[in-house]
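In what follows, every chain begins at residue 1, and chains take the letters A, B, ... in the order their sequences are listed.
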There are 2 protein chains.
Amino acid sequence: MYKSALFSGFEVSNVNKLVRCLGVKFKNCNTNEIIMSYKESPEYLYVVLSGTAELATYDYDGNKTVLERFMQDSIFGDMFFKPLGADEFSVFATSSCEVMYFRYYDAINICENVCKEHKRFLDNLFMIMSKKLLAQSRHIEILTKRTIREKLINYLEHIEAESGSFSFLLPMSLSSLADYLSIDRSAMQREIKHLNDEGIIISKGKKITLIKK
Amino acid sequence: MYKSALFSGFEVSNVNKLVRCLGVKFKNCNTNEIIMSYKESPEYLYVVLSGTAELATYDYDGNKTVLERFMQDSIFGDMFFKPLGADEFSVFATSSCEVMYFRYYDAINICENVCKEHKRFLDNLFMIMSKKLLAQSRHIEILTKRTIREKLINYLEHIEAESGSFSFLLPMSLSSLADYLSIDRSAMQREIKHLNDEGIIISKGKKITLIKK
DNA sequence: AAAAAAATGTTGCATTTGCAACAAAAAAGT
DNA sequence: ACTTTTTTGTTGCAAATGCAACATTTTTTT
């Protein structure tokens, strides 16, 4: 828990102090366990400390729709997602998963004797929210592209910028990527093939090299 | 400016005090004027006080791509969007537009004598960010739908939930809606026609009624 | 080490969608 | 009140995409 970005810059003893002060709670979940459901009224903010999870819903046929994926330092909670209709949306652990949660309101309306820890905590929370906003903006930017090719290239260029190299390993499986880009997996595979044929990329599985002309 | 959600719960005199303390700056722009460009290093946070604006870029052909639209209480800034490649992205006023801006860092690392105003300001800022996160989540949820029909229905159901009625007026033009859903306008029009033919909706222009079976 | 499960790669085909081009209506500007 | 611009509505056609079904490879589990 001390490695969470929420506590970056904290001394271990101060983490404990703050945890007590904010009434932070912890939860450990195994794969496929439900961490929380979007229906409760109290406004808790959840932070993933370790492991992975996803926000998903199952329709009447049992088909799963994944809305969002979470990893270390991801945040989720009632104020970031509101379900539409009667479907139940829940966050499931996709691997052994540790989360912490606290009342959003308590964290913001910190007690009168605002200590350095509180300030830093808010600062960190702010940073995490900004990063989420940025990640979502990027996702929207990509989803807004009209063709599979444009989506793919845009995504790959982002990975290139992040990794700082023309050659990189995709951070997720190709099937997950198809989900993220919201396109059919086989159609994506076909486009990858075309990009290879046209010499725009060289790829084998998750290993991809962008060729600049 | 006193009507901005950032200052909700504030007395007028305290707004002035805080504005001075944070070094808040103001800017008035006419339609089509550039409010800011995503290239400067200083991390300013912008809040729209009145009017509308959009984040857009022009490619070599002069085609405009709109990434995001802003209205009262929308926030934007370097930490929420990072341009990819050499293209220049800017925020343009789409109507006469008032914005305020301040250094992100100054707002978070507020001075030692944390007054009630500071706290409330941060509180409001968090709320605005949460709302933006929620709006983006919804947008992603819709963009992730695979067919035009699913996108449309999902969007309309959101409007229905917000308005609380099966009958409503779209909050934007049909062309803008096609942009928002990232689909071809004429294809959307065709789908609207089909939905009418099948008795799923009754619509004429922006006036739409959802028929529940 | 073997078996089971998940991910990758491929293809034909039907369907959906985007594109282009236009007419009509509505809204905005002068 | 008139003109210009934007929005809405429509259609044929070509192209892109999703779907289904399968073989192959890789990864995970037992």
Side-chain angles (χ1 to χ4, degrees), chain A residues 30-32 51-52 54 61 63-66 69 94-96 142-156 169-198 200-208, chain B residues 30-32 51-52 54 56 61 63-66 69 93-96 142-156 169-198 200-208:
Chain A
N30 295 319
T31 311
N32 294 324
T52 55
E54 61 189 21
D61 295 329
N63 295 99
K64 185 170 80 165
T65 306
V66 177
R69 288 166 215 281
T94 46
S95 72
S96 192
I142 289 173
L143 290 175
T144 300
K145 298 272 178 265
R146 292 195 193 71
T147 63
I148 290 184
R149 175 170 293 219
E150 281 181 300
K151 285 180 185 172
L152 256 177
I153 299 264
N154 198 286
Y155 175 79
L156 294 179
L169 216 59
L170 288 179
M172 56 176 118
S173 72
L174 289 169
S175 341
S176 299
L177 179 57
D179 279 349
Y180 180 76
L181 304 180
S182 196
I183 51 183
D184 181 76
R185 188 191 59 80
S186 67
M188 185 183 86
Q189 204 84 246
R190 178 166 40 206
E191 195 60 45
I192 288 177
K193 201 184 173 197
H194 291 161
L195 289 172
N196 271 285
D197 292 348
E198 295 173 35
I200 296 168
I201 66 170
I202 298 173
S203 81
K204 164 96 176 111
K206 285 188 272 189
K207 168 79 178 161
I208 295 182
Chain B
N30 294 319
T31 311
N32 294 323
T52 54
E54 60 190 21
D61 295 330
N63 295 99
K64 185 170 78 167
T65 307
V66 177
R69 286 166 215 280
T94 46
S95 72
S96 193
I142 289 174
L143 290 176
T144 299
K145 299 272 179 266
R146 290 195 193 70
T147 63
I148 289 184
R149 174 169 293 219
E150 281 181 300
K151 286 181 185 172
L152 256 177
I153 299 265
N154 198 285
Y155 174 80
L156 294 178
L169 216 58
L170 287 180
M172 56 176 119
S173 71
L174 289 169
S175 344
S176 299
L177 179 56
D179 279 349
Y180 180 76
L181 304 179
S182 196
I183 51 184
D184 182 75
R185 190 191 58 81
S186 66
M188 183 183 87
Q189 204 85 247
R190 178 167 40 207
E191 194 60 45
I192 288 177
K193 200 182 173 195
H194 292 160
L195 289 171
N196 271 287
D197 292 347
E198 295 172 36
I200 296 168
I201 67 172
I202 298 173
S203 81
K204 164 98 176 105
K206 286 188 273 191
K207 169 78 178 163
I208 295 183

Students should find that the end-to-end axis angle of the helix from dA1(C)-dT30(D) to dT30(C)-dA1(D), with five pairs defining each axis and rounding to 10 degrees, is 70°
N-O pairing of E198(B) and R149(B) below 4.0 Å:
yes
Whole-Å distance, K207(B) NZ to dG9(D) C1', equals 20 Å
OG1 of T144(B) to OH of Y180(A), rounded to nearest 0.5 Å, is 10.0 Å
Here the distance between atom C1' of dT16(C) and atom CG of D184(B), to the nearest Å, is 12 Å
dist I208(B):CD1 -> L152(B):CG (nearest 0.5 Å) comes out at 7.5 Å
Hits for side chain to side chain donor-acceptor pair (under 3.5 Å) against S182(A), two or more places apart or cross-chain, chain-then-number order -> none
**Message:** Need one value for I192(B): base, sugar-phosphate or nothing, where a base atom within 4.0 Å counts as base even if backbone is also close, heavy atoms only.
**Reply:** nothing
Rounded to whole Å, CG of L181(B) lies from P of dT16(C) at a distance of 18 Å
With the side chain defined as heavy atoms from C-beta on, I148(B) is closest, among dT17(C), dT17(D), dT10(C), to dT17(C)
- Message: Given 3.5 Å as the limit, does a donor-acceptor pair link the side chain of S95(B) with the main chain of T52(B), or not?
- Response: yes
Between NZ of K145(A) and C1' of dT17(D) the distance, given in whole Å, is 19 Å
Rounded to the nearest 0.5 angstrom, the CG-CD1 distance for L195(B) and I200(B) is 5.0 Å
(message) Are the side chains of L181(B) and I148(B) in contact, using a 4.5 Å heavy-atom criterion?
(response) no
Whole-Å distance, R149(A) CZ to dG18(D) C1', equals 18 Å
Q.
Has N196(B) got a side-chain atom pairing as donor or acceptor with I192(B)'s backbone, closer than 3.5 angstrom?
A. yes
Any protein N or O atoms within reach of nucleotides 5-8 of chain C? Criterion: under 3.5 Å, listing atom names and distances.
{"from": "dT8(C)", "atom 1": "OP1", "to": "L174(A)", "atom 2": "N", "distance (Å)": "3.4"}
{"from": "dT8(C)", "atom 1": "OP2", "to": "L174(A)", "atom 2": "N", "distance (Å)": "2.8"}
{"from": "dT8(C)", "atom 1": "OP2", "to": "S175(A)", "atom 2": "N", "distance (Å)": "3.1"}
{"from": "dT8(C)", "atom 1": "OP2", "to": "S175(A)", "atom 2": "OG", "distance (Å)": "3.1"}

E191(A) CD to dA15(D) C1', in whole Å, measures 12 Å
Here the distance between atom P of dT16(C) and atom CD of E150(B), to the nearest Å, is 12 Å
Here the salt bridge (charged side-chain N to carboxylate O under 4.0 Å, His left out) pairs for residues 171-187 of chain B, sequence neighbours left out, are R69(B)-D179(B)
Atom CZ of R146(B) and atom P of dT17(C) are separated, to the nearest Å, by 12 Å
Enumerate the protein-to-nucleotides 12-15 of chain C contacts in which both atoms are nitrogen or oxygen and the separation is below 3.5 Å.
{"from": "dG12(C)", "atom 1": "O6", "to": "R190(A)", "atom 2": "NH1", "distance (Å)": "3.4"}

Interatomic distance, CG@L169(A) vs NZ@K207(A), rounded to 0.5 Å, equals 6.5 Å
Distance-only donor-acceptor pairs under 3.5 Å for side chains of residues 171-178 of chain A, two or more places apart:
{"from": "S173(A)", "atom 1": "OG", "to": "S176(A)", "atom 2": "N", "distance (Å)": "3.1"}
{"from": "S173(A)", "atom 1": "OG", "to": "S176(A)", "atom 2": "OG", "distance (Å)": "3.0"}

